[in-house]
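First up is the structure itself, then whatever we jot down about it.
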Number of protein chains: 2
Amino acid sequence: MARATGKAKTAKVSARDAGRSRARLFAAAADEFAARGFAGANVDHIAAAARLNKAMIYYHFPSKAALYSEIIRDMFDAVGRRVHEVAASSLSPEDKVRGFIDAMAREGEARPHFPRMWLREIAEGAGHVDRATLRYAREVIDTLGRIIDEGCRAGRFQPANPVLIQIGIVAPLMVFNATPVLRRKLARAGASGAATISRDDVVAHIQRVTLAVLEGRIA
Amino acid sequence: MARATGKAKTAKVSARDAGRSRARLFAAAADEFAARGFAGANVDHIAAAARLNKAMIYYHFPSKAALYSEIIRDMFDAVGRRVHEVAASSLSPEDKVRGFIDAMAREGEARPHFPRMWLREIAEGAGHVDRATLRYAREVIDTLGRIIDEGCRAGRFQPANPVLIQIGIVAPLMVFNATPVLRRKLARAGASGAATISRDDVVAHIQRVTLAVLEGRIA
DNA sequence: GTCTATAAATAGATAGAC
DNA sequence: GTCTATCTATTTATAGAC
């Protein structure tokens, strides 16, 4: 991660990376923000991780805050597109719910910074979330709401609050995705089962539970 | 919150608060850490919110980091005691599960900083969590595991991974408890249902879902 | 596009008076 | 116990050379 020692200082950018400094800074920043939060992130670290100088951040981005916002927006933009595809498909309502959950899970895996940054944003009331990003977030919930409505009209689901369903899906998914390190620590501390959960277990579990709720098989 | 303006500067500490400067700093710090994270928190703000001077923080606590750790430890200590009481009671396994969930919910309400600080800790792999605190966290999971075992021996529950069950309980609970502000923002942005979930809805929902899972009524 | 050097502000921590 | 004043380190951001 931190390569800013010794002769690494004079390392030349590889041919593959040439001209991609902006993308490298973006990726390095996502890592740093996820690990340390906005305030804890250090632009020197970000630049070093991207094998560049701090000044390059200000060449490509207006400020640390703008860089952060762009990463957040990118996350929700991607999630929004994914779940929209699922909702627009010709799958059954049940499979759309499964697909919605799978899309959220895959997105969290494709962007390892996503669960951690989003948990932080939740913790501080989405203080760094602008109006555009908030609209993306709303669209994700609305999309889930439309899938639920569709199932209700087909007589297969019972009415449910989409925000409550969404919390039941996203919260466990994000916590699981964000906790590989913590679960290892807990496993070393002796917590039974902390080491034996797989990604597929979690996704399948949430899919089953969510469908059971929507189909009224709970109460 | 921030009273450090004008004549507030010369405000005398009320009789009720006299000699309680340590407790006031503790409470103000919990608020600040929850809102801004460890790195983002500012010791000047903490002191001002406690109607004291920054130097008083270093009179009562060795450092900003030690203050933070003490708050985290206090949180898990309290939760550990609560769930231990539930497990040691003579309730049925079903009611113990309900009580466990209720205890977690109440603890998150009694300490508004708890859900937000814990979400942040999750996001960074529990970087500020010491061994003692980790042991408390493990004990909470173990306690849930014992309740599940008890239900299994009584032929009422099916075996389940306590960590997976715990994530299904704690993640939605913490996200809900941490998001009043965010849900208001979403409601203003037009998300249907964001404004209409109550605390009791969430707790009852999680209780029903968790019991359905443990009783094998899901798959 | 990339770097070095530096300005300018912020913030954790301490000394010492009262 | 509480305060003011200050030291010191860190860190965002910019100027300007190559």
Side-chain angles (χ1 to χ4, degrees), chain A residues 2-29 31-33 35-71 127-128, chain B residues 2-29 31-33 35-71 127-128:
Chain A
R3 276 298 218 81
T5 44
K7 57 188 171 186
K9 225 175 177 180
T10 57
K12 280 287 176 297
V13 167
S14 75
R16 203 179 109 269
D17 284 338
R20 303 197 46 77
S21 62
R22 196 192 139 97
R24 268 166 28 226
L25 286 168
F26 187 97
D31 256 20
E32 174 86 356
F33 285 134
R36 303 179 198 250
F38 176 74
N42 181 310
V43 292
D44 273 314
H45 290 173
I46 293 171
R51 304 189 308 283
L52 286 166
N53 188 278
K54 170 169 55 173
M56 283 303 288
I57 289 178
Y58 296 95
Y59 175 75
H60 283 299
F61 305 93
S63 67
K64 180 185 173 183
L67 172 55
Y68 185 92
S69 292
E70 188 169 322
I71 295 168
H128 300 273
Chain B
R3 275 299 217 80
T5 44
K7 57 188 171 186
K9 225 174 177 180
T10 56
K12 281 286 176 296
V13 167
S14 75
R16 204 178 107 270
D17 284 338
R20 304 197 45 77
S21 62
R22 197 192 139 96
R24 267 166 30 225
L25 286 168
F26 187 97
D31 256 21
E32 174 87 355
F33 285 133
R36 303 179 199 250
F38 176 74
N42 181 309
V43 291
D44 274 313
H45 291 173
I46 293 171
R51 303 189 310 282
L52 287 166
N53 187 277
K54 171 167 57 173
M56 282 304 286
I57 288 178
Y58 296 94
Y59 175 76
H60 283 298
F61 305 93
S63 67
K64 180 185 173 183
L67 172 54
Y68 184 92
S69 293
E70 188 169 323
I71 295 169
H128 300 273

| note | CD (B/Glu32) and CG (B/Leu67) are apart, to the nearest 0.5 Å, by 10.5 Å

| message | Without decimals, in angstroms, what is the distance between B/Asp44 CG and D/dT4 P? | response | 11 Å

| remark: Taken to the nearest whole Å, CG/A/Leu52 to P/C/dT2 is 6 Å

| Contact class for A/Ala41 vs. all strands (heavy atom < 4.0 Å): base, sugar-phosphate, or nothing? | sugar-phosphate

| task | Using only side-chain N and O atoms of A/Tyr58, determine if any of them is under 4.0 Å from OP1 or OP2 of D/dT14. | result | no

| query | To the nearest Å, how far apart are B/Phe61 CZ and C/dG12 P? | reply | 15 Å

| remark: When rounded to whole Å, the CE to C1' distance for the pair A/Met56 and C/dG1 reads 5 Å

| note | Closest to the side chain of B/Asn53, out of C/dG12, C/dC3, D/dC3, is D/dC3

Atom pairs and distances, donor-acceptor, side-chain atoms in residues 55-62 of chain B, under 3.5 Å, two or more places apart:
from: B/His60; atom 1: NE2; to: B/Ser21; atom 2: OG; distance (Å): 2.8

| request: Take the protein atom NZ of A/Lys64 and the nucleotide atom P of D/dT14, then report the distance between them rounded to whole Å. | output: 14 Å

| query | When the distance from OH of B/Tyr59 to C1' of C/dA13 is rounded to whole Å, what number comes out? | reply | 17 Å

| query | Start at the 5' end of DNA chain D and walk down; is the nucleotide closest to B/His60 or to B/Lys54 reached first? | reply | B/His60

| CG of B/Asp44 to CG of B/Asn53: how many Å apart, nearest 0.5 Å? | 7.5 Å

| query | Do any N or O atoms from the side chain of A/Lys64 and from the backbone of A/Phe38 form a donor-acceptor pair under 3.5 angstrom? | reply | yes

| message | Could you tell me how far apart B/Arg20 (CZ) and D/dG1 (P) are, to the nearest whole angstrom? | response | 12 Å

| Atom CG of B/Asn42 and atom P of D/dT10: how far apart are they, to the nearest Å? | 17 Å

| Quick one: is A/Ser21 getting a side-chain N or O under 4.0 Å of the C/dT2 phosphate, OP1 or OP2? | yes

